[in-house]
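Worksheet: the structure to be examined is printed underneath.
Chain identifiers are assigned alphabetically (A, B, ...) following the order of the sequence lines, protein sequences preceding nucleic acid strands; residue numbering begins at 1 within each chain. Fair warning: this is a prediction, and the values are worked out from it, not measured in the lab.
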Amino acid sequence: MAAQSLDQIVSFCKRRGFIFPGSEIYGGLQGTYDYGPLGVELKNNLKRAWWRHNVYERDDIEGIETSLLTNRYVLRYSGHEKGFSDPLVDNKTTKKRYRLDHLLKDQEPGVLDAIAAHLGIERPDDMDVFVDALLQDTSKAQAALLAAKVVDAQDGKPGDWTEPRQFNLMFKTQVGPVADDESFAYLRPETAQGMFVNFKNVVDSTNRKLPFGIAQTGKSFRNEITPRNFLFRVRELEQMEIEYFVRPGDDEAVHDAWIEDHIEWWVNVVGLKREKIQLFEHVKLAHYSKRTVDILYNFPTLGFDELEGIANRTDWDLGSHSRSQDTLPLSENTKARVMLNEHSVEKLTYFDQPNNQHIVPFVIEPAAGVDRGVLAALCEAYDEELLENGETRIVLRLPAVLAPIKVAVLPLKKNEPTIVETAKKIKKLLQSGGDMRTVYDDTAAIGKLYRRQDEAGTPFCITVDFDTIGRGRDGDTSMENTVTVRHRDSMLQERVAIDDLLHYIKSRIA
RNA sequence: GCGGGAGUAGCUCAGUGGUAGAGCGCUACCUUGCCAAGGUAGAUGUCGCGAGUUCGAAUCUCGUCUCCCGCUCCA
């Protein structure tokens with residue numbers, strides 16, 4: 001039986017050392033989690049599998065790793081400094097909270113005129129401009145909302161509004177020893193911008209031709225208003241992102257291809273069931289997006305929710321980060337909305353040799369959450385199996401490539417020195433390659449050792465017994481130097497020669 | 001940020017003013033010829049944190065933090 005609730009997964013993760021609450025002994029820190037000994041292996045394996053699929057097994061992707069601390073101009077021109085913050089206002093009577101722009105959109109024109117009059121300005125057509133005007137002086141804005149009798153849809157009456165407050169979803173941090181208003185940087189809210197600002201560097205250093213992509217995994221930070229639901233919404237998260245650059249006009253077909261490719265990856269590599277995956281077509285689009293499609297997974301408790309978002313970011317980002325934008329062949333939407341860039345020293349364009357012209361590529365962005373991926377993999381793999389003898393076996397049916405521990409070596413009897421020594425020797429042999437986690441355990445009876453490994457998701461247990469050391473029953477030595485390999489999912493066993501073990505295991509965990 | 005619920009051993013939870021408990025798990029030894037076997041011994045808690053009331057607080061009050069549910073938010 002699969003996990004029935006997220007709580008079940010949460011306590012399992014803590015008990016077995018996958019995931020712990022962040023800063024726990026000091027009462028925790030909201031929206032942070034730490035990965036334990038098994039968790040870090042699983043997470044690394046997931047990232048490695050992603051990198052392998054998206055970088056190594058393709059011809060058209062380069063990897064990159066950019067800094068988390070980000071120059072504020074990067075996030076100004078990307079639109080985040082402005083668009084990544086929400087002005088919020090509360091109605092003290094109804095206890096409802098609204099985004100200011102959403103609230104204003106629902107008002108009668110007369111109410112908006114009254115607000116403008118109170119501020120002493122003409123009413124702007126553009127809601128963003130209007131909101132900006134209100135945020136210039138929040139106490140004056142509060143007075144304006146009250147004077148204009150802004151209505152709360154909840155009860156249909158003028159609300160008792162608080163001052164509007166700007167809720168910035170980006171973390172700022174001080175850079176350098178002098179704490180003044182200008183010496184700060186942002187912690188990046190997405191890894192994407194690092195790839196955009198390095199577009200020229202990658203093109204120049206690799207001689208890439210369109211279409212090609214840049215891939216990156218790494219931490220991002222979002223000051224979520226309400227971090228919730230375990231790993232699902234956290235303030236420090238890790239992303240696996242690709243910015244795939246194409247000729248304008250090719251973007252729509254490439255977008256569809258990435259969606260298909262990544263659904264397949266979640267199903268075939270991470271092991272998520274196809275029927276637990278859905279697509280969600282965004283109706284309300286981000287400022288940079290022409291079309292965004294989410295890949296959703298059916299999490300316990302949460303239901304279908306986002307695992308990966310695949311956006312067509314058009315030429316927005318490259319255009320935004322370029323100087324002299326008026327000289328570039330930008331798309332109409334970008335041209336109309338892009339902020340004049342007074343700080344960039346580069347034009348992020350691509351010279352199209354065959355047609356002898358500069359173009360600004362369109363970008364398709366598959367952006368997945370590593371932590372959400374780990375959570376989905378755990379939820380999918382978690383199984384409470386009812387055995388024939390009436391007992392329950394918890395087994396984590398992770399694909400071998402994701403399993404934290406690949407193989408456990410166990411002595412059938414720990415009070416038989418030759419068996420113990422042989423088992424430890426085999427453990428050394430298997431770990432010598434250095435590219436997989438192996439364990440030796442003799443602290444319980446063999447059945448319990450198997451069950452422990454089942455919970456950890458270990459696909460193979462190797463048991464050293466009397467046959468291994470040439471002391472089989474009735475003097476049988478025919479199975480000397482062979483061991484039992486016990487399979488996690490089926491609990492079946494087979495006999496394998498020690499000399500063949502390394503190859504046997506490696507060929508089954510790739 | 002608002003409303004509701006919760007926080008006691010690693011996990012699940014009992015304990016309503018009077019010496020902190022159970023099950024599972026964990027450790028050591030014995031036993032054990034393959035699926036959470038048995039025996040013996042053992043460790044583990046600022047009862048989330050901080051104040052207050054009280055002779056005495058896990059228990060009552062207030063504050064605070066964290067988690068869960070609902071609102072809100074989710075580029």
Using the P atom as the reference point in each nucleotide, state the distance between A6(B) and G10(B) in Å, no decimals. 23 Å
Most 5' of F230(A) and L492(A) on RNA chain B, judged by nearest nucleotide: L492(A)
Rounded to whole Å, how long is the line connecting atom CZ of F460(A) with atom C1' of C34(B)? 18 Å
Side-chain H-bond candidate by donor/acceptor type, D465(A) with T468(A), under 3.5 Å: yes
Both distances below 3.5 Å, Watson-Crick or wobble geometry, any strand: find the nucleotide opposite G7(B). C65(B)
The side chain of M491(A) lies closest to which of these nucleotides: C26(B), C35(B), C68(B)? C35(B)
Does a side chain donor of either R188(A) or T70(A) reach within less than 3.5 Å of an acceptor in the other side chain? no
Can you check the H487(A) NE2 to C35(B) P distance for me, whole Å? 17 Å
Quick one: do the R16(A) and S11(A) side chains pair a donor with an acceptor below 3.5 Å? no
Considering just the side-chain nitrogens and oxygens of K14(A), establish if one lies under 4.0 Å of OP1 or OP2 belonging to G10(B). no
Check whether the side chain of S11(A) and the base of C11(B) form a donor-acceptor pair under 3.5 Å. no
Determine whether the side chains of E81(A) and Y73(A) contain a donor N or O and an acceptor N or O closer than 3.5 Å. no
C73(B) OP1/OP2 closer than 4.0 Å to side-chain N/O of N223(A): no
Report yes or no: is there a donor-acceptor pair, N or O only, under 3.5 Å between the side chain of R486(A) and the base of C35(B)? yes
Could you check how far CG of L103(A) sits from C1' of C73(B), rounded to whole Å? 15 Å
side-chain N/O R451(A) vs A36(B) OP1/OP2, d < 4.0 Å: yes
Does E455(A) reach a base, just sugar-phosphate, or nothing at all? Heavy atoms under 4.0 Å. base
With a non-hydrogen cut-off below 4.0 angstrom, is T301(A) in contact with a base, only sugar-phosphate, or nothing? sugar-phosphate
Inter-nucleotide P distance (C49(B), A58(B)), Å rounded: 10 Å
Rounded to whole angstrom, note down the C1' distance from G18(B) over to U59(B). 11 Å
Determine whether the side chains of T66(A) and Q216(A) contain a donor N or O and an acceptor N or O closer than 3.5 Å. yes
Would you say the side-chain atoms of E308(A) and W266(A) include a donor-acceptor pair closer than 3.5 Å? yes
Is Q30(A) near enough to C67(B) that one of its side-chain N or O atoms lies under 4.0 angstrom from OP1 or OP2? yes
Counting just side-chain N and O atoms, does N415(A) come under 4.0 Å of either OP1 or OP2 of U31(B)? yes
Side chains of T32(A) and E236(A): any donor to acceptor distance under 3.5 Å? no
Identify all side-chain donor-acceptor contacts of residues 289-300 of chain A below 3.5 Å with residues at least two apart in sequence or on another chain.
unit_1, atom_1, unit_2, atom_2, d
S289(A), OG, R291(A), N, 3.2
S289(A), OG, R291(A), O, 3.3
S289(A), OG, T292(A), OG1, 2.7
K290(A), NZ, D251(A), OD2, 2.9
K290(A), NZ, E252(A), OE2, 3.0
R291(A), NE, E281(A), OE2, 2.6
R291(A), NH1, D256(A), OD1, 2.9
R291(A), NH2, E281(A), OE1, 3.2
D294(A), OD1, H282(A), NE2, 3.1
D294(A), OD2, H282(A), NE2, 2.7
Y297(A), OH, E380(A), OE1, 2.8

Taking for each residue the nucleotide of RNA chain B bearing the nearest heavy atom, is the 5' side occupied by I446(A) or by D441(A)? D441(A)
For T463(A), which contact category applies under a 4.0 Å heavy-atom criterion: base, sugar-phosphate, or nothing? base
Counting distance alone, no hydrogens or angles: does the base of A36(B) have a donor or acceptor under 3.5 Å from a partner atom on the side chain of Q453(A)? no
Roughly how many Å apart are G39(B) and G5(B), using the C1' atom of each and rounding to a whole number? 44 Å
C1' atom, A36(B) versus C60(B): distance in rounded Å? 43 Å
Between C71(B), U31(B), C11(B), which nucleotide has the shortest distance from any of its atoms to the side chain of K414(A)? U31(B)
Round to the nearest Å and state the distance from R452(A) atom CZ to A37(B) atom C1'. 14 Å
In this structure, how many angstroms lie between the P atom of C34(B) and the CG atom of D442(A), rounded? 18 Å
Closest to side chain of K413(A), choosing from C34(B), U32(B), A36(B): U32(B)
Is there a side-chain polar atom (N or O) of T443(A) under 4.0 Å from OP1 or OP2 of U27(B)? yes
Would you mind reading off the distance between L449(A) atom CG and A37(B) atom C1', rounded to a whole angstrom? 13 Å
Pick the C1' atom in G48(B) and in C68(B), then give their distance to the nearest Å. 15 Å
What is the distance, to the nearest angstrom, from the CG atom on D489(A) to the C1' atom on C35(B)? 15 Å
Under 4.0 angstrom, heavy atoms only, what part of the nucleic acid is G31(A) near: base, sugar-phosphate, or nothing? sugar-phosphate
What does P189(A) touch in the nucleic acid at a heavy-atom separation under 4.0 angstrom: a base, only the sugar-phosphate, or nothing? base
C1' atom, U8(B) versus G45(B): distance in rounded Å? 8 Å
Nearest to the side chain of A445(A), which nucleotide is it out of C34(B), C71(B), U32(B)? U32(B)
Across all strands shown, which nucleotide pairs with C55(B) by Watson-Crick or G-U wobble geometry, both distances under 3.5 Å? G18(B)
Send over the distance from R15(A) CZ to C24(B) C1', rounded to a whole Å. 9 Å
Where the side chain of Q493(A) is defined as all heavy atoms beyond and including C-beta, which of C35(B), A36(B), U31(B) is the nearest nucleotide? C35(B)
Which value, in whole Å, describes the distance between the C1' atoms of nucleotides G15(B) and G7(B)? 15 Å
Under 4.0 Å, heavy atoms only, any strand: does R471(A) hit a base, just the sugar-phosphate, or nothing? base
Partner of G45(B) under the Watson-Crick or G-U wobble criteria, both distances under 3.5 Å, comes out as none
With a 3.5 angstrom cut-off on both distances, give the Watson-Crick or G-U wobble partner of C29(B), or none if there isn't one. G39(B)
Is G1(B) paired to anything, Watson-Crick or G-U wobble with both distances less than 3.5 Å, and if yes, which nucleotide? C71(B)
Hey, is Y450(A) stacking on A36(B)? Ring centres under 5.5 Å, planes under 30°. no
Checking side-chain polar atoms at under 3.5 Å, does S331(A) have a donor or acceptor matched by the opposite partner on N333(A)? no
Taking C69(B), G33(B), C34(B) as options, the one with an atom nearest any side-chain atom of D465(A) is C34(B)
